[in-house]
Engineer: 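Please read through the structure below; I'll follow up with questions.
We name chains A, B, ... by the order of the sequence lines, and we start the count at 1 in each one.
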Amino acid sequence: MEEVKTNFIYQEIDKDLAQGKNGGKILTRFPPEPNGYLHIGHAKSICLNFGIAKHYKAACNLRFDDTNPTKEEVEYVDSIQEDIRWLGFEWEGEPKYASDYFEQLYQWAVLLIKKGKAYVCELNAEQIAAQKGTPTTPGQDSPFRNRSVEENLDLFERMRKGEFKDGEKILRAKIDMASPNMHMRDPIMYRIIHRHHHRTGDQWCIYPMYDFTHGQSDFIEEITHSICTLEFEVHRPLYNWFLDQILEGESAPEVRPRQIEFARLNLNYTVMSKRKLLELVQKGIVSGWDDPRMPTISGLRRRGYTPESIRMFADRVGVARRDNVIDLALLEYCVREDLNKRAMRVNAVLDPVKVVITNYPEGQVEMMETVNNPEDESMGTRELPFSREIYIERDDFMEEPPKKYFRLGPGREVRLKSAYIIKCEDYKKDADGRVSEIHCSYYPDSRSGADTSGIKVKGTLHWVSAAHAVDAEIRLYDRLFMDEAPDAHKDKDFKDFLNPESLSTLKGCKLEPFLAGVKPLDHFQFQRLGYFSADKDSRPGALVFNKTVGLKDSWARSNK
RNA sequence: UGUCCUGUGGUGUAAUGGUAGCACAGAUGGUUUUGGUCCAUCUAGUCAGGGUUCGAGUCCUUGCGGGACAACCA
C-alpha cells in the first residue's frame with residue numbers, strides 16, 4: 001500500500017511511458033556534491049527520486065557529483081551515504097561517481113573539438129565575465145573562438161598534461177554569445193585545477209564543469225529521468241545541447257535522459273543553503289553539522305527525528321514548480337504523529353520541586369503499574385516506585401492559581417499519574433521567596449486502578465520518586481533564527497537573526513529510574529512534556545537527553 | 001527594462017473543460033488518570049480585466065505580482 005501522492009513528475013513519467021520512451025525503462029538518480037552534509041531539502045529530493053524508483057519497481061542510483069576537488073571531501077561522501085541509508089533507502093549497486101567518467105568525458109570533449117564545437121580560450125575570469133554580456137545585452141566572441149581544430153586539440157591535450165597553470169586556459173563550448181540564455185554563451189567545459197582529488201588522486205589537473213558532466217553521466221548510467229531543482233531550469237537547453245553533440249551521427253540510444261525540475265524545499269525560520277550551514281559550523285555558532293538545531297539529516301537524527309517522520313514530511317509537502325515556504329509546524333506535526341504511536345511514555349521532571357506526602361509512611365515504597373503507551377497495548381506495562389517524597393514540575397504548583405488552572409495549589413487536589421490523588425496542605429518558601437517544598441496528604445483509597453475514593457479531580461501530574469530518581473542533563477531547543485526568512489533580507493546578514501535562546505541546558509532534572517540505561521536515539525515521550533531522546537553525549541551516570549519536540553499544549557497557548 | 005518559470009484559504013498541495021477537495025495552522029465542543037491522543041464542528045481560496053465555451057481554477061489574451069539566469073560552484 002504505497003500512498004505516494006501524485007505530482008506532475010509522476011504524470012510526466014507516465015506520459016513518457018505511454019509514448020514508449022526509453023524502452024519502458026525507468027531509472028532515477030540522486031546526485032549530491034560531496035561538499036557538505038545533507039539537509040531536509042535533500043531529503044525531499046531523496047524521497048522523490050527513490051520514491052519514484054519504488055513506485056515504478058525500478059531503481060535509483062547514488063552518484064556523487066565530484067568534479068570540483070577544491071570543495072569536496074571524503075567525510076562528506078561517508079556522511080551522505082549514512083544519511084540516505086538512515087532515511088531508509090538503498091541505491092542500485094555501488095555508489096557511482098562522476099569522476100568515474102572523467103576519461104569518457106575527456107574523449108567527448110575531444111570529439112566536440114574535432115567537430116568545431118569547442119575551443120581553448122585564454123581569457124581570464126574577469127575578461128570572460130566582461131565579454132559575456134548581461135541577461136539583457138548580448139556578449140562578444142572570444143578572440144580565441146576561431147582557432148583551428150589542430151591547435152585546439154594540441155592545447156587541450158597539453159592542458160591535460162599539466163603544461164599550464166590554474167586559470168591559464170579553459171575549454172569552452174562554441175555555441176552562441178548572443179543567446180538570451182546566458183548558459184549558452186560559450187560555457188566553460190573544462191578548467192585547470194592542480195589539486196588532489198579524493199578519488200582520482202593526481203591523475204587529472206583538468207576537471208569538467210557541472211554542465212559538461214551531469215547530462216553525460218546520466219546518459220552513461222542510462223538514467224531516464226534526471227530530476228533536479230528549479231535553478232537548473234536554464235541549464236536544460238545546455239544539458240540537451242551536449243547530449244545532441246555526443247549523439248550526433250550515432251544510432252539512437254535506447255535511453256535518452258530527460259531533465260525535469262521541481263521547486264526546492266524552503267522552511268521558515270531556517271536557512272537551507274549548504275554554504276550558510278557550513279558557515280554556522282565553521283564559525284562555531286553550532287556544535288557541528290549534527291547540532292540538533294541544524295536542518296541537516298544528521299542534526300534532525302540527533303534531535304530525535306525518525307526516518308519515518310521525515311519521509312512523512314516529504315510526502316506531505318508535495319512536489320510542484322512554484323516557490324514554497326513550508327511551515328516548521330508541519331515538520332513538528334510529522335514527528336509527533338510518528339512518535340505518538342511508537343514512543344514509550346516515561347516520567348521526567350525537568351524543573352523539580354519536592355513534594356512530601358505527610359501521611360504516607362516513611363520508608364515505604366510501592367510499585368505502581370503504568371502503561372507504556374496508551375496508543376499501543378502491545379508495548380505492555382512497567383512499574384514505577386512511589387514513596388513519601390517525590391518531585392513534581394515547578395510549573396505544576398501555583399501559590400495563587402487562576403480558576404482554570406487544573407494543577408496543584410493551596411488546598412487543591414490532583415491525581416498523580418498512575419498513583420494517588422493528593423491534596424496540598426501547605427508549602428514552604430526559601431529566603432528568595434521561591435517555593436522549596438510542598439506538603440500534601442494522600443487518599444489511600446484513591447490508588448490508580450483501585451480507586452474507591454469517589455474523588456474527581458481535573459488535573460493529573462507526572463512525578464518521580466525522590467529516592468529513586470536519576471539525574472540528567474536535558475537540552476531544550478528553540479528555532480535557530482528569530483526571523484521567518486533569515487536569508488531574505490538584502491541589507492542584513494542571516495546571522496543577525498540568530499536566536500540567542502535556541503539552546504537551553506537544564507541540569508539536575510529528575511528521571512524515573514528506568515531511563516538510566518537507555519541508548520542514544522531511543523525515543524521517549526516524557527509524559528505531559530514532549531518527545532525526547534538520549535544524546536550521543538549521554539553516559540551511564542551522566543545522562544543527556546535532547547528534546548525533539550514538545551507536545552501540543554493548548555493550556556500554554558490559551559495563556560499567551 | 002531581455003529570456004524562461006510561476007500565481008488556488010494563513011501555509012502547502014489536489015482538481016488534466018463538468019459539484020474547488022485534502023493536510024498543516026487557527027477556533028469551538030466532546031472523550032480522557034498526559035491541558036497529549038482521539039472524535040465532531042467551524043473559519044478561510046482560484047491575482048485582475050477581457051475573450052472562447054452550454055460550462056473556465058483549467059484554454060486564449062492583456063496586465064499585475066513572485067522567482068530564476070551575468071561562478072574557471074553544483
Side-chain angles (χ1 to χ4, degrees), chain A residues 5-8 11 31-33 35 65-68 70-72 98 121 123-125 128-130 132-139 166-172 179-183 185 188-193 206-207 209-211 213-214 228-237 261 263 268 274-275 315-334 336-337 340-341 345 347 370-371 374-375 404-407 414-419 421 446 448-449 451 457-462 525-530 550-559:
Chain A
K5 268 167 83 175
T6 187
N7 61 55
F8 79 97
Q11 294 169 359
E33 183 189 13
N35 69 341
D65 232 327
D66 55 348
T67 58
N68 185 357
T70 65
K71 290 188 177 173
E72 295 150 9
C121 182
L123 260 23
N124 64 34
I128 287 184
K132 193 143 197 172
T134 70
T136 54
T137 57
D166 287 11
E168 229 171 83
K169 293 184 170 42
I170 51 169
L171 183 73
R172 301 176 72 177
S179 170
N181 183 338
M182 298 289 288
H183 295 274
R185 321 242 265 226
I188 295 168
M189 294 164 60
Y190 270 90
R191 75 290 212 193
I192 299 170
I193 304 174
I206 57 172
Y207 290 92
M209 298 285 287
Y210 167 84
D211 286 306
T213 305
H214 205 95
C228 61
T229 46
L230 239 32
E231 68 267 26
F232 291 98
E233 184 179 357
V234 284
H235 294 245
R236 193 187 338 133
E261 313 85 21
N268 57 12
K274 274 196 274 187
R275 204 208 89 229
D315 187 50
R316 298 205 179 209
V317 297
V319 178
R321 282 175 70 85
R322 73 184 92 118
D323 291 328
N324 60 84
V325 182
I326 308 294
D327 195 333
L328 214 43
L330 182 63
L331 220 210
E332 296 184 339
Y333 163 82
C334 290
R336 283 192 197 105
E337 178 80 0
N340 176 51
K341 298 192 188 78
R345 271 61 169 171
N347 290 297
T370 188
V371 298
E375 301 294 314
K404 301 264 287 236
Y405 185 81
F406 299 154
R407 310 175 190 180
V414 295
R415 160 75 63 185
L416 294 172
K417 175 79 181 171
S418 308
I421 293 172
S446 67
S448 188
D451 185 354
V457 293
K458 296 283 276 205
T460 300
L461 306 187
H462 62 280
Q525 185 195 102
F526 287 4
Q527 203 111 226
R528 295 209 305 135
L529 299 174
L551 256 26
K552 275 173 80 173
D553 188 347
S554 54
W555 167 247
R557 198 187 316 136
S558 67
N559 278 290

Engineer: Take atom CZ of R415(A) and atom C1' of G35(B), then tell me their distance rounded to the nearest Å.
Structural biologist: 17 Å
Engineer: Give a yes/no answer on whether the side chain of R185(A) brings an N or O atom under 4.0 Å of OP1 or OP2 in G2(B).
Structural biologist: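 Checking G2(B) against R185(A), no side-chain N or O comes under 4.0 Å of OP1 or OP2.
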Engineer: Over all strands shown, is E33(A) touching base, sugar-phosphate only, or nothing at heavy-atom distances under 4.0 angstrom?
Structural biologist: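 The answer is sugar-phosphate, as E33(A) gets under 4.0 Å only of primed atoms, P, OP1 or OP2.
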Engineer: Measure from CD1 on I326(A) to P on G10(B) and round the result to the nearest Å.
Structural biologist: 16 Å
Engineer: Of the listed nucleotides (G35(B), A68(B), U13(B)), which one gets closest to any side-chain atom of A320(A)?
Structural biologist: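 That would be U13(B).
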Engineer: At under 4.0 Å between heavy atoms, what does P374(A) touch on the DNA or RNA strands: base, sugar-phosphate, or nothing?
Structural biologist: base
Engineer: Could one point to a donor on the side chain of R407(A) or the base of G35(B) with an acceptor on the other under 3.5 Å away?
Structural biologist: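 Answer is yes: a donor-acceptor pair is held.
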Engineer: Any strand is fair game: report the nucleotide pairing with C38(B) by Watson-Crick or G-U wobble, both distances under 3.5 Å, or none.
Structural biologist: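 Base partner found: G30(B).
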Engineer: Under 4.0 Å, counting only non-hydrogen atoms across every strand here, what does F526(A) touch: a base, just sugar-phosphate, or nothing?
Structural biologist: nothing
Engineer: Taking only side-chain N and O atoms of T67(A), does any of them lie within less than 4.0 angstrom of OP1 or OP2 on A74(B)?
Structural biologist: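 It does, given that an N or O in the side chain of T67(A) lies less than 4.0 Å from OP1 or OP2 of A74(B).
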Engineer: Inspect the contact between R191(A) and D166(A) and indicate whether a charged nitrogen and a carboxylate oxygen are less than 4.0 angstrom apart.
Structural biologist: no
Engineer: Students often get this wrong, so: under 4.0 angstrom with heavy atoms, is G449(A) touching a base, only sugar-phosphate, or nothing?
Structural biologist: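 Base contact - G449(A) has a heavy atom under 4.0 Å of at least one base atom.
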Engineer: Using modelled atom types only, decide if a donor and an acceptor are shared between the side chain of R415(A) and the backbone of L461(A) within a distance under 3.5 Å.
Structural biologist: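 No.
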Engineer: Using the P atom as the reference point in each nucleotide, state the distance between G2(B) and C73(B) in Å, no decimals.
Structural biologist: 31 Å
Engineer: Counting only Watson-Crick or G-U wobble pairs whose two distances fall under 3.5 Å, which nucleotide matches G18(B)?
Structural biologist: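 Checking every strand shown, G18(B) finds its partner in C54(B), with both distances under 3.5 Å.
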Engineer: S554(A) side chain N/O closer than 4.0 Å to the phosphate oxygens (OP1, OP2) of G36(B)?
Structural biologist: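 Yes, within the criterion.
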Engineer: Within the 4.0 Å heavy-atom criterion, would you say R322(A) contacts the bases, only the backbone, or no part of the nucleic acid?
Structural biologist: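 Base, at least one base atom sits under 4.0 Å.
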Engineer: Once you apply a heavy-atom cut-off of 4.0 Å, does N181(A) come out as touching a base, just sugar-phosphate, or nothing?
Structural biologist: nothing
Engineer: What is the distance from NE2 of H235(A) to P of C73(B), rounded to the nearest Å?
Structural biologist: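 It works out to 13 Å between those atoms.
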Engineer: To the side chain of I188(A), which of C73(B), G35(B), C72(B) is closest?
Structural biologist: C72(B)
Engineer: Name the nucleic acid region contacted by V319(A), choosing base, sugar-phosphate or nothing; use a 4.0 angstrom heavy-atom cut-off, strictly under.
Structural biologist: sugar-phosphate
Engineer: Can you identify which nucleotide, out of U37(B), A14(B), G35(B), has its nearest atom closest to the K552(A) side chain?
Structural biologist: U37(B)
Engineer: Between E33(A) and K71(A), is there a side-chain N and carboxylate O pair less than 4.0 Å apart?
Structural biologist: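 Not counted as a salt bridge, because no side-chain N and carboxylate O are separated by less than 4.0 Å.
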Engineer: Has R557(A) got a side-chain N or O lying under 4.0 Å from the OP1 or OP2 atom of G26(B)?
Structural biologist: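 For R557(A), the contact criterion (side-chain N or O under 4.0 Å from OP1 or OP2 of G26(B)) is met.
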Engineer: In whole Å, I'd like the distance from the CZ atom of R345(A) to the P atom of U33(B).
Structural biologist: 16 Å
Engineer: Could you measure between the two C1' atoms, the one in C59(B) and the one in U46(B), and give it in whole Å?
Structural biologist: 15 Å
Engineer: What is the distance from CE of M182(A) to P of A71(B), rounded to the nearest Å?
Structural biologist: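 Those two atoms, CE and P, are 7 Å apart.
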Engineer: Give one of base, sugar-phosphate or nothing for R321(A), where a contact means two heavy atoms less than 4.0 Å apart.
Structural biologist: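 Result for R321(A) = sugar-phosphate.
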Engineer: side-chain contact (heavy atoms from CB on, under 4.5 Å), that's the test. Do R528(A) and K417(A) meet it? Break it down for me.
Structural biologist: CA-CA 10 Å; R528(A) 295 209 305 135; K417(A) 175 79 181 171; over 6 Å; no
Engineer: With heavy atoms under 4.0 Å as the rule, sort Q527(A) into base, sugar-phosphate or nothing.
Structural biologist: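 Base contact.
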Engineer: Identify whether any heavy atom of N124(A) sits under 4.0 Å from a base atom; if not, whether one sits that close to sugar-phosphate; answer base, sugar-phosphate or nothing.
Structural biologist: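 Here N124(A) touches the bases of the nucleic acid.
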Engineer: Could you please name the option among U33(B), A14(B), C69(B) that lies closest to any side-chain atom of T460(A)?
Structural biologist: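 Output: U33(B).
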Engineer: Looking at R336(A), I'd like to know whether one of its side-chain N or O atoms comes within less than 4.0 Å of OP1 or OP2 on G36(B).
Structural biologist: no
Engineer: Measure from the side-chain heavy atoms of N340(A) and tell me the nearest of U37(B), U34(B), U11(B).
Structural biologist: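 Side chain of N340(A) sits closest to U37(B).
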Engineer: Specify the separation, in whole Å, of atom CD1 of I192(A) and atom P of C73(B).
Structural biologist: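 So the two atoms are 12 Å apart, to the nearest Å.
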Engineer: So what does K341(A) touch, heavy atoms closer than 4.0 Å: a base, only the sugar-phosphate, or nothing?
Structural biologist: nothing
Engineer: I need the CG-C1' distance between D323(A) and U13(B), as an integer number of Å.
Structural biologist: 15 Å
Engineer: Name the closest nucleotide to the N324(A) side chain, picking from C73(B), A70(B), U13(B).
Structural biologist: U13(B)
Engineer: Give one of base, sugar-phosphate or nothing for Y210(A), where a contact means two heavy atoms less than 4.0 Å apart.
Structural biologist: base
Engineer: Closest to the Y333(A) side chain: G35(B), A71(B), A25(B)?
Structural biologist: A25(B)
Engineer: Within the 3.5 Å criterion, strictly below it, is a donor on H235(A) or D211(A) matched to an acceptor on the partner's side chain?
Structural biologist: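 Note: H235(A) and D211(A) side chains meet the donor-acceptor criterion.
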Engineer: Quick one: label H183(A) by what it contacts on the DNA or RNA (base, sugar-phosphate, nothing), any heavy atom closer than 4.0 Å.
Structural biologist: sugar-phosphate
Engineer: Is there a donor N/O on one and an acceptor N/O on the other, under 3.5 Å, for the side chain of S418(A) and the base of U33(B)?
Structural biologist: no
Engineer: Does E375(A) contact G36(B) through a side-chain donor or acceptor facing the base, at a distance under 3.5 Å?
Structural biologist: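 Checked by distance alone, the answer is yes.
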Engineer: Heavy atoms under 4.0 Å, any strand shown: does L123(A) hit a base, just sugar-phosphate, or nothing?
Structural biologist: base
